[in-house]
Structure formats: C-alpha cells, structure tokens
Trainee: 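Next up is a structure, given as structure tokens.
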Amino acid sequence: MKLTILGGGGFRVPLVYGALLQDHAEGRVTHVVLHDLDPARLSAVTRVLAEQAAGVPDAPEVTATTDLDEALRGADFVFSAIRVGGLEGRANDERVALAEGVLGQETVGAGGIAYGLRTVPVAVDIARRVARLAPDAWVINFTNPAGLVTEAMSRHLGDRVIGICDSPVGLGRRIARVLGANPKEAWIDYVGLNHLGWVRGLRVAGRDELPRLLADPDLLGSFEEGKLFGADWLRSLGAIPNEYLHYYYFNREAVRAYQQAEKTRGAFLHDQQARFYAEMRNPDAPAWKVWDRTRAEREATYMAENRESAGAGERDEDDLSGGYEKVALALMRAIARDERTTLILNVRNQRTLSVLDTDAVIEVPCLVDANGAHPVTVDPLPDHATGLVCAVKAVEREVLAAADSGSRATAVKAFALHPLVDSVNVARRLVEGYTDVHPGLAYLR
C-alpha cells in the first residue's frame, strides 16, 4: 500500500513514519513517498527516517520527489501536511496582526484567515490533481487551518478527504486520565469546528463521568485545560473547551502575552527549525538524535504564552507525546482493512448540526469503516457555542469565496466578520499588510 506525504520535508514527518514502523499487520503501508518543494529538506527528513528504520524488519520503503504528479500517481492514501509560505509566512502572519492589536495565531483569528487565503488555492490544486491522478485515493488532511482546508478540498473530492487534528484526542485523553478511566473505553461527546470545539460528556460503561469532574475543583485544576481556563469558567460552561478557545475566552490576555513575548511562536519555530535543517547539512550529524532533541523542545513550548498568561505553569510530561500520527494511522487502518473504529475527525456535516448546511466541514466523533468516515448524531450545541461556530463558519465561507474569486473586498469581509477582529478599518489594514509581505496573496485584487 502506497502512502504519499505532501510536505514530506516537514519536521513532523518522522512522527508519522514512526507510527508506520509499529504496524506489522497485513495490508499495512509498504511504500512511503515524500513530496516537498525543497530538496534539502527532503534529504534531511529522509536521513532521519533511515535512522528510524534501522533494525526494523520490513520497514516501509521511502522515496522522495519534488514532482507532485509523480508523488500522487498510484497512491492509496495521501497525507497532506503542507505549509504555504513556510514558517517565515507564519511569523509574518503573527507580526502583521499583532501590530494591529489582534491575534495572529496560525489557525485562529487574523493569522488563520491569512494562512487560509494563502493555502486554499494550493490545496484546491492538489485536490484536483488527486481526482485526476489517484481517483481512488483517500486524502487525510492535516494542513492548517484544517477544517477550512478540508472543506475547500471536499468540493473536489467529496467525502474522500478527511481532516484530522490531535487536539480533541489529547483533550479526551487528559479528561479520561484525570477521571481514572481508560481513554480507549470512553465515549467522548465532542462537537464543533476544528480548534473550536467542546467536550460535553465523557461516558464510561454508559455513565457520563464529566459532571463528577466539573464538581471537583481539585480534579479540574489538575490537568492542562483546567489550569488554562480555570475551574470556575469550566463550571460556568458546563463543558471542557478545546485549548484553542483560550484565544476567544481570554483574547485580550492572549494578545498581550504574544505582544510581550520575546518571539512569537512562528518566529521561534522558524529559528528552531532553521537550526535543525542547517545542522542536517553536516553528513556526520546523528540525524535521529538531532531531530528528537528539537522535537522535545518544540512540544515543551507549545502554547507557552497562553499558559503564562493563565498562570498554568509547564506542560505535563504526559502531554508531550504528540498524537496526530496515531489518529492518521488509525484512520488508514479502519479504511484499508475495514477495522471499524470511532475517531474525532473533520468531515462534511451532512445532517449532524442543524445550524449548518450539509457541506460544512465540522469536527465530531465519526464511525470509520472501509467506506470512510460517518459523523454520528450529536445533541445541539448550546446557544453560546452555536453563536461562535456559526460566526467562524461564515468567515471560513468568505475565505473560500475570496480564494475562488480573487476578490480583495471579500477578503476584507472575511477579516472584518471574525469575532476577534473588531473593526472594518483594521480588516482593511490587515489585508494591506498581508498582501505586502506574502507573494502568495498577489491574486487578491
């Protein structure tokens, strides 16, 4: 079975390959094709994978190419993890937004819109090529903003593109662990959009254990989201929000923390990964050790500004293990082998949330089998969550419209309508600022 990884020179590719190395069952991935536009990055990651596979019998074969069509032909699965504009683009997204006093995070607010406007045209081109060159392939999208990009690709691939994210999985795992439950035996009632969702229940043996957590201040304060949001706010919500909702519920504090930080997250990662790839130009560098050391630093500093503003302290060691690669492997297994499972995924709404149309991509538990991912029926969202979900989905639709039409006015509308951008004039200046620094937005006119 052939897996093509787009963004194959990306830093997190070894996480995916590591998960594949642990899969020895029949019908597993036997050939991995890495595609990237940067040959040096491809070379660096290929070296890391070779050291990973040392001593592993029947490790999947790895090849690399800068030819997109060649990479796609004959693929059974396509894993999309591209970053249009690179980490320099992400750093610019943050800088332009913070200069206007609004959030520049890569998936939330102004930064997410800018990233989406750059990425959607590229993602659409990829989707069209997949439909032409590998029509039977399943596309697993991790490219951010994941929900928006998945929806753009679904207009050409239908339900054969599925978005994944490790945030809901990690949240469910933490809640189950605090409650003394086995995450594999718990049903997580999670619903929303990517990076905009809530856990409303956690059922073990048919019993909802979330009320017990919400009633215990000590338990609430013992894990990441409890420290980040505070026990009182979680009890007021009656749910546990995805960590990215900190940018909404504590927006002013988050913006201030990012403005006061020595470096933004994008600038930190840009510098960190530049050091990694520079070190990998030395043929004698121990590739795996260099990569693993860099990975540990990256994960330990994740959302550091938010935790600092909330007084949440350092991340727990148990939360530093990633997770999206495990979701991707479980998804591929379920489809390729008809190993039915339940995963929280980004899929088309169908009739799951009545406040959204059938084609809107949402993030909910799905039953997965050989025919793909099928969203399960969920209870309606409370009004406060419905308002946010509908507002952000409306912004996503404006981003898609701007990317399709090239309309600068529609891009301004997307920024202006976002709950975290509070001014049409600010929206206009954001579009000016982003088009000045991003060649990939030259299509806006």
Side-chain angles (χ1 to χ4, degrees), residues 146 164-250 299-300 302-303 306-307 310-327 330-331 341-346 352 362-368 375-382 384-385 388-389:
I164 65 171
C165 182
D166 51 358
S167 288
V169 175
L171 174 55
R173 183 178 63 232
R174 288 188 287 276
I175 294 173
R177 190 169 63 221
V178 166
L179 289 168
N182 183 347
K184 296 180 180 179
E185 298 174 356
W187 172 267
I188 303 169
D189 177 10
Y190 181 95
V191 63
L193 307 179
N194 180 242
H195 290 178
L196 192 78
W198 297 260
V199 170
R200 304 178 301 178
L202 189 136
R203 296 184 178 87
V204 180
R207 177 188 172 118
D208 187 2
E209 297 290 341
L210 191 65
R212 177 163 66 89
L213 174 62
L214 292 171
D216 190 325
D218 291 334
L219 282 181
L220 274 178
S222 67
F223 69 108
E224 179 80 0
E225 282 71 20
K227 298 172 185 176
L228 196 60
F229 293 100
D232 289 344
W233 181 239
L234 296 184
R235 281 198 297 270
S236 295
L237 290 175
I240 310 297
N242 184 295
E243 59 197 342
Y244 282 82
L245 274 153
H246 191 266
Y247 294 116
Y248 291 87
Y249 295 145
F250 297 91
E299 292 181 356
Y302 179 67
M303 291 189 78
N306 299 70
R307 293 199 311 278
E314 299 296 321
R315 292 187 78 195
D316 291 337
E317 187 174 345
D318 289 341
D319 292 333
L320 302 182
S321 58
Y324 86 101
E325 70 282 359
K326 297 174 185 175
V327 181
L331 178 56
T341 189
T342 302
L343 298 168
I344 298 172
L345 301 167
N346 288 267
T352 308
I362 61 174
E363 191 169 74
V364 289
C366 297
L367 300 177
V368 190
V376 303
T377 301
V378 297
D379 292 333
L381 285 164
H384 68 86
L388 268 180
V389 164

Trainee: Verify side-chain contact (heavy atoms from CB on, under 4.5 Å) between L367 and V376, making sure each step is shown before the conclusion.
Mentor: CA-CA 7 Å; L367 300 177; V376 303; 3.7 Å; yes
Trainee: Compare every heavy atom of P380 with every heavy atom of R200, then report the nearest pair and how far apart it is.
Mentor: NH1-O, 2.9 Å
Trainee: Nearest heavy-atom pair of R212 and L219: which atoms, and what distance?
Mentor: NH1-CD1, 4.4 Å
Trainee: Compare every heavy atom of P168 with every heavy atom of I344, then report the nearest pair and how far apart it is.
Mentor: CG2-CB, 3.7 Å
Trainee: In Å, rounded to the nearest 0.5 Å, how long is the span from OH of Y249 to CG of L228?
Mentor: 12.0 Å
Trainee: Can you list everything that forms a side chain to side chain contact (heavy atoms under 4.5 Å, CB included) with V389? Sequence neighbours excluded, please.
Mentor: L193, L196, W198, L356, L381
Trainee: Quick one: salt bridge (Lys or Arg N to Asp or Glu O under 4.0 Å) partners of R203, sequence neighbours excluded?
Mentor: none
Trainee: Does the N242 side chain pair with the main chain of L245, one donor and one acceptor, at a distance under 3.5 Å?
Mentor: no
Trainee: Using side-chain heavy atoms (C-beta onward) and a distance below 4.5 Å, is D166 in contact with K326?
Mentor: no
Trainee: Are I240 and L220 close enough, and set up right, to give a side-chain contact (heavy atoms from CB on, under 4.5 Å), and what steps lead you there?
Mentor: CA-CA 10 Å; I240 310 297; L220 274 178; 4.2 Å; yes
Trainee: Using a 4.5 Å cut-off on heavy atoms from C-beta on, say whether the side chain of I362 contacts that of V191.
Mentor: no
Trainee: side-chain contact (heavy atoms from CB on, under 4.5 Å) for H246 and F229? Distances and angles first, verdict last.
Mentor: CA-CA 7 Å; H246 191 266; F229 293 100; 4.0 Å; yes
Trainee: Residues in side chain to side chain contact (heavy atoms under 4.5 Å, CB included) with P375, at least two apart?
Mentor: V347, Q350, T352, V364, C366
Trainee: Taking only residues two or more places apart in sequence, or in another chain, which ones meet E225 in a salt bridge (Lys or Arg N to Asp or Glu O under 4.0 Å)?
Mentor: R174
Trainee: Between L345 and E363, is a side-chain contact (heavy atoms from CB on, under 4.5 Å) present by the stated rule, with each step listed?
Mentor: CA-CA 5 Å; L345 301 167; E363 191 169 74; over 6 Å; no
Trainee: Nearest 0.5 Å, please: how far is CD1 in I175 from CD1 in I188?
Mentor: 7.0 Å
Trainee: What are the two closest non-hydrogen atoms of C165 and H195, and how far apart are they?
Mentor: SG-NE2, 3.5 Å
Trainee: Mind checking side chain to side chain contact (heavy atoms under 4.5 Å, CB included) for A186 and listing every partner two or more places apart, or none if nothing turns up?
Mentor: L202, V204
Trainee: Rounded to the nearest 0.5 Å, what separates atom OH in Y190 from atom OG in S167?
Mentor: 7.0 Å
Trainee: With the side chain counted from C-beta on, respond yes when R235 and P217 share a heavy-atom pair under 4.5 Å apart, and no when they do not.
Mentor: yes
Trainee: For a 4.5 angstrom cut-off between non-hydrogen side-chain atoms, does P365 reach W187?
Mentor: yes
Trainee: How long is the span from the OG atom in S236 to the CG atom in D232, to the nearest 0.5 Å?
Mentor: 6.5 Å
Trainee: Holding to side chain to side chain contact (heavy atoms under 4.5 Å, CB included), I want the full list of residues that pass it with N182, two or more places apart in sequence or in another chain.
Mentor: K184, E185
Trainee: Side chains of N194 and Y244: is there a donor and an acceptor less than 3.5 Å apart?
Mentor: no
